[in-house]
Amino acid sequence: MSAEHIELRAGAYADSVALMQVSAAAAKAAGVEAALIAMATELNLGLLAGMGFQAPPTQADPNDLLIAVRASDAGALAAARDLVDAALTARPAARPGELPAQPPRTVASAVRASGPGLALISVPGRFAFAEAMDALQAGCDVMIFSDNVPVGQEIVLKDLAAERGLLVMGPDCGTAVVGGVGLGFSHTLAAGPVGIVAASGTGAQQVMCLLDHAGVGVSACLGLGGRDLSADVGGRSARTALTALDEDPGTELILIVSKPPAPAVAARLRDYARALSTPVQFALVAPGEPDLTAATETALRTVGVPAPAWPRWPAAGSATQAEQTRGGWLRGLFAGGTLCDEAMVIASAALGPVWSNIPLQPDWRIDPATTADGHSMIDFGDDRLTAGRAHPMIDQTLRLEQLAAAAAEPATAVILLDVVLGHGAHPDPAAELGPAISAARARSGVPVVAALIGAASDPQGLERQAHALQGAGAHVFLSNAQAARFACELIT
Amino acid sequence: MTELLRQEPHVISAGLGVLADAARQQAARVTEVDWKPPMPGTEDDLVTVLGDARRTAANALAVERMLAVRAHLVDLLPAREALGLADGEFLHAGPPVSWERASGPLRGALMGAAVFEGLADDPEAAADLAARGGFTLAPCHSRGAVGPMAGVVSPSMWMFVLADPVTGRRSYCSLNEGLGKVLRYGAYSPEVISRLRWMSAVLGPLLQDAVRRRGPVDVTAILAQMVQMGDEAHNRNRSGTLMLLRDLLPSAVAAASFPASEIARAATFIGGNDHFFLNLAMPACKLALDAARDIPGATMVVAMARNGTDFGVQVSGTGDQWFTAPALTPEGLFLGSYGPQDANPDIGDSAITETAGLGGFAMAAAPAIAALVGGTAADALAATRRMYEITLAEHPLFGVPALEFRGTPAGIDVTLVARTSILPQINTGMAGRVAGTGQVGAGLVTPPAQIFPAALRALARAARA
Amino acid sequence: MWSICPEGQSVGVKKLLLYSDSYAAPMRLAGAASRALRAVLAAPAQRARWLGTTQATAYLAIPGQPGVLAVLAHDAVRLPCGLVLATTGAELPLTALVPGEGDRAAGVVGDGTVSWTGPAGPVVVTAVREWAPARAARAALSARTLSEVRALVPRGADDELAAGLRAGAVGRLLGRGPGLTPAGDDLLAGYLVGAHAFGLEAHGIRDAVARLAPGATSALSAALLWHAGRGECIDEVAAFAGALTGRGEPRRAVERLLAVGHTSGAALAHGVLVAAESSEPRVRGAVWTEERSDEGRRHLRALPTAERVSTP
């Protein structure tokens with residue numbers, strides 16, 4: 001006889017990723033049939049109903065914590081509730097004789113207690129401004145991981161930063177490397193001569209991982225966020241980032257990685273770059289521009305290092321390329337937006353129109369839920385596909401479903417995807433992708449090509465992931481551009 | 001230019017725990033903020049107010065002015081002279097309130113004061129007179145004064161006069177009558193009235209003479225010493241009362257302007273009332289906070305006060321505007337056989353002490369008070385440490401021994417209250433809800449939370465103007 | 001007890017830690033290593049010898065250059081041969097981890113870690129991240145900020161040493177003065193970094209230092225001089241040199257450098273200033289003025305002229 005428990009806790013709060021982890025742990029507990037631990041937003045209340053739970057006992061407020069567990073019997077329910085409570089209150093206990101700590105509740109308080117530093121802000125976007133202002137006023141640089149920060153607030157923050165000689169990375173900055181620390185979706189790399197200014201997170205990750213393989217380190221990777229190079233913001237942070245890298249004696253080359261900025265912004269940026277004493281190379285992802293792998297090779301030449309042959313791991317037990325080539329559509333399933341862009345640029349040049357939810361041209365737009373009658377590449381990191389769920393670099397569920405669906409379609413000629421490793425990403429993507437790829441290939445023999453974005457020191461183990469994917473039947477490339485080209489060549 | 005690339009990173013993380021964890025795994029020094037969403041509905045106003053270019057400098061100025069004030073007791077005068085109070089005019093604690101909305105203790109105090117002034121023959125007649133609109137009521141705060149509990153001031157009552165030697169500004173407070181059945185708890189018996197008469201006829205003039213002969217008493221210095229002696233100047237004032245006696249008694253005795261018996265009676269009266277110094281602590285705090293008033297763009301609270309019905313807050317950047325909501329009832333321990341049903345909602349201007357960094361904010365210096373309100377010494381420490389999260393400064397004069405002499409949290413910031421939902425902690429006595437009952441207990445209370453979003457909204461409106 | 005293992009023999013050195021009488025679970029710390037330590041950390045395990053410690057620093061002698069590895073608390077000055085922890089000196093005083101007399105020679109460095117036996121058991125510090133040591137950017141001196149900075153740096157007791165430096169008497173400077181990094185060494189180190197920054201020809205002094213330092217002064221000081229010869233230094237020196245080229249706030253840069261160590265900061269500053277003075281070409285009609293200090297000493301001071309130096 002199923003036992004159910006639903007409660008709303010006022011004043012309790014935990015971040016979205018932490019809550020997803022608690023939910024997942026509860027769902028795995030013995031005897032638990034369903035569990036949802038999340039903030040009581042409309043979206044989550046809808047999910048609650050969808051999971052077959054009763055409505056909560058009182059009027060829910062989005063600042064309440066919703067705890068819903070259904071288990072096979074009362075005993076299992078009680079155990080699951082204990083598990084949830086323990087996970088939610090996990091906090092280091094004070095040692096005996098020590099005052100229990102009052103943790104800082106704002107960035108201002110944290111700086112007062114522990115000194116200035118780099119503020120890393122990942123609270124929901126509409127609250128990020130307050131914490132970022134605290135940081136700037138206390139003399140701290142800021143990285144705003146949060147997205148959905150209004151552009152007006154971004155401009156206020158960046159103007160204050162310029163006054164104070166500080167850098168705002170973001171909003172919507174998911175990747176940075178400072179002092180060798182990989183922040184957000186990032187990697188731990190050797191210290192070296194290349195400085196990166198990135199308006200694209202996964203683009204920067206691709207470049208960094210290629211450089212790392214070539215034995216060339218990075219002095220820093222400064223993220224700009226998704227909107228800094230727009231006409232509205234005008235490259236405010238870009239200028240600060242460029243100056244900081246120019247003044248850094250260890251930086252011999254600055255690489256700007258981005259989609260093409262707004263034309264006026266691009267012109268001003270080039271002028272600014274020209275006035276610096278450090279050489280600046282623009283690596284833009286757009287039709288007619290060299291791909292990021294080519295750009296990285298140029299950068300390597302500039303710092304006097306020959307470009308290596310980029311690693312590839314051919315699919316295990318695969319037929320020859322000719323045997324694998326077939327007619328039909330290219331289906332791209334991407335977690336990284338820029339990686340998807342780069343692949344689309346290459347594919348559209350080779351194959352013609354590519355349908356997408358982030359299309360290169362407006363008339364190539366498609367709803368990701370529909371099956372395209374033509375080549376298609378979907379960015380699963382796009383806002384509309386990440387509402388209420390974690391980023392696809394963490395949560396692969398949606399992509400795995402689409403992988404199976406694409407494999408089942410007779411018209412699919414090749415499946416192309418990116419697998420991003422490093423900090424912040426899924427701890428073992430190949431463990432989930434491998435079986436999915438094997439199953440897809442067993443079903444229809446469709447070739448699967450994977451771009452593996454990773455560095456040697458990544459926690460997931462680059463070689464281990466490559467071999468697992470290769471063993472499952474995927475052709476694996478360290479270079480996203482090479483992966484895309486290879487996929488195109490498999491289509492007659 | 002930023003020094004970001006020239007230093008070992010110190011990551012201050014607010015938001016997703018996984019990001020902080022990943023940084024820690026790379027041997028980065030990480031400080032994590034225990035972040036929670038702000039009070040509902042405040043995010044837009046927070047953006048406006050936090051984005052106001054005047055705010056940081058305005059708050060810094062408010063803090064500087066507040067902390068610079070040294071309050072000196074320079075004189076005593078009847079309220080008629082000191083405040084220009086006319087017959088039929090009464091001051092009371094808290095934000096403006098009408099007779100109709102007033103609670104038991106405030107009504108009782110007004111009735112007693114009317115009898116004391118000879119405006120009515122007996123308390124019932126006084127009540128009729130009040131109901132017919134025969135009194136003019138105004139908050140003590142509006143005349144530069146503060147009053148504990150009902151805080152009723154009438155023209156014949158003598159007031160402490162405190163001055164800031166630098167600016168010459170003044171603040172005022174009546175004399176504390178003692179414990180039990182007294183006017184400020186709404187008692188109006190003949191005993192209460194006759195005590196008030198003695199205080200105006202003898203105690204006031206006697207203390208005036210002593211102060212004038214001795215010279216100004218540095219009340220701020222006494223407050224600083226009190227904090228090191230286990231008092232927090234709101235609920236515990238014993239050491240302050242004794243230090244005051246030490247300062248004034250010798251010159252009173254030496255001058256012998258009054259018969260020895262009267263001096264002795266006054267000394268006994270003062271010495272027998274631990275709370276006597278409260279009526280100096282409060283105006284000293286008021287003097288400090290008044291210096292910080294009316295700074296455009298400043299989000300610092302300059303007054304917290306209750307009239308027994310409403311709790312009111314004033315903020316530096318919004319002038320004289322009161323932000324009010326129904327007062328909560330304190331929770332704590334009760335005297336004798338009293339219980340929660342006997343307690344009146346929160347009342348008195350004494351929350352001015354918390355506003356200035358004393359009282360509940362200095363609880364870590366007065367752990368004994370925690371037991372009185374039903375808590376532990378650890379609770380007292382935790383209360384002060386929590387208040388650092390919502391204040392702008394640490395008071396250089398009030399150092400808490402248990403926190404390595406760290407200054408008490410001073411200068412409440414409305415934006416920090418809205419962001420953290422941490423409410424100012426007040427440590428207070430409880431009045432009986434029936435007029436004349438007296439003190440029924442002591443406990444902890446906060447302002448009602450909804451005051452702060454309202455104040456924030458007004459600050460946002462002012463910022464946009 | 002330890003079994004003695006000759007210096008440089010890598011096999012089995014790490015195993016020694018596990019077989020000590022006082023076996024306990026190792027205290028594992030993670031740190032960020034200077035790029036200068038990349039080679040010795042990546043190499044197989046070799047012997048390291050404990051040299052000394054303060055609350056915020058622990059020095060070990062290691063094979064090759066720089067010759068010293070400094071385990072540093074987060075708030076310690078970031079030496080270019082440093083392995084920086086995330087904890088401050090107050091949170092984890094390194095003095096609490098000092099090995100006993102018999103264990104001082106038995107530290108190990110390599111395979112990504114540095115380890116030794118502390119009083120409560122083995123201590124293993126793993127390098128999980130890398131940073132590049134500070135260096136002063138090559139740029140032209142600004143006469144205006146040079147005068148400004150000179151006015152802010154108090155004349156020190158090392159005027160005599162400075163004269164020796166100008167005369168190139170390296171041998172007389174090395175090891176001169178008390179402390180872990182003697183004033184003479186700091187003066188030389190500041191000079192070498194300044195030479196890099198201002199484009200000064202300094203082969204003679206650099207070669208003399210490389211030749212003489214190892215025998216003439218402490219291992220740590222020799223290591224820092226080796227770094228200085230390559231232009232590598234602590235952030236405070238880089239910022240000071242930068243200020244002299246018009247980059248960054250001079251007052252703050254002076255404050256930060258003078259706050260380093262007891263007298264180190266001042267000596268480093270003087271060294272950089274001597275390099276700055278030596279960099280100003282005298283040929284092109286430079287305007288120098290002779291001044292007397294309060295104690296009656298004569299020295300030359302350059303007056304800013306538009307032709308000689310670039311304005312910031």
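Throughout, protein chains are lettered first and strands after them, A, B, ... in sequence-line order, and every chain is numbered starting at 1.
With rounding to the nearest 0.5 angstrom, the CE atom of Met133(A) is 6.0 Å from the CZ atom of Arg55(B). Atom CD of Glu389(B) and atom CD of Gln102(A) lie 5.0 Å apart (nearest 0.5 Å). Between the CD atom of Glu32(B) and the CG atom of Leu120(A) there is a distance of 9.5 Å, given to the nearest 0.5 Å.
In terms of non-hydrogen atom pairs under 4.5 Å with chain B, the most contact-rich of Gly182(A), Gly184(A), Pro124(A) is Gly182(A). Per-residue heavy-atom pair counts under 4.5 Å with chain A were compared for Pro38(B), Ala53(B), Ala28(B), Gly17(B), and the maximum is reached by Pro38(B). Most heavy-atom pairs under 4.5 Å with chain B, from the set Ser109(A), Ala130(A), Ala220(A): that is Ala130(A). In terms of heavy-atom pairs under 4.5 Å with chain A, the best-connected choice from Asp44(B), Leu16(B), Thr42(B) is Leu16(B). The choice from Thr415(B), Val47(B), Val30(B) that makes the most heavy-atom pairs within less than 4.5 Å of chain A is Val47(B). Between chain B and the options Gln137(A), Glu131(A), Gln21(A), the largest number of non-hydrogen pairs under 4.5 Å is found for Glu131(A).
Only the side chain of Ile422(B) comes within less than 4.5 Å of a heavy atom of chain A; its backbone N, CA, C and O stay farther away. Only the side chain of Pro9(B) has a heavy atom closer than 4.5 Å to any heavy atom of chain A. With a 4.5 Å cut-off on non-hydrogen atoms, Thr31(B) touches chain A through its side chain but not through its backbone. Of the atoms belonging to Pro459(A), not a single heavy atom falls under 4.5 Å from chain B. With a 4.5 angstrom heavy-atom cutoff, Thr56(B) touches chain A only via side-chain atoms. Looking at Ala119(A), both its backbone and its side chain come within 4.5 Å of chain B, counting heavy atoms on both sides. Residue contact with chain A, scored on non-hydrogen atoms closer than 4.5 Å, is absent for Arg406(B).
The side-chain heavy atoms of Leu4(B) and Val178(A), taken from C-beta on, include a pair separated by under 4.5 Å. A 4.5 Å side-chain heavy-atom check between Leu118(A) and Ile12(B) finds every atom pair outside the cut-off.
Classification of Arg126(A) and Glu43(B) as a salt-bridged pair holds, one side-chain N sitting under 4.0 Å from a carboxylate O. Checked for salt-bridge contact, Asp134(A) and Arg419(B) meet the test: a charged N lies under 4.0 Å from a carboxylate O.
In this structure, Leu183(A) and Ala23(B) approach most closely via the heavy-atom pair CD2-CB, 4.3 Å. Closest heavy-atom contact between Leu5(B) and Ala244(A): CD1-O, 3.6 Å. Scanning all heavy atoms of the two residues, the minimum distance from His10(B) to Ser114(A) falls at CE1-O, 3.3 Å. Arg105(A) approaches Asp34(B) most closely through the heavy-atom pair NE-O, 2.8 Å.
Relative orientation of the Tyr13(A) and Trp35(B) rings is perpendicular, given thresholds of 30° and 60° on the angle between their planes.
Contacts of residues 145-167 of chain A with chain B at a heavy-atom distance below 4.5 Å involve Phe145(A), Gln153(A), Gly165(A), Leu166(A), Leu167(A), listed in sequence order.
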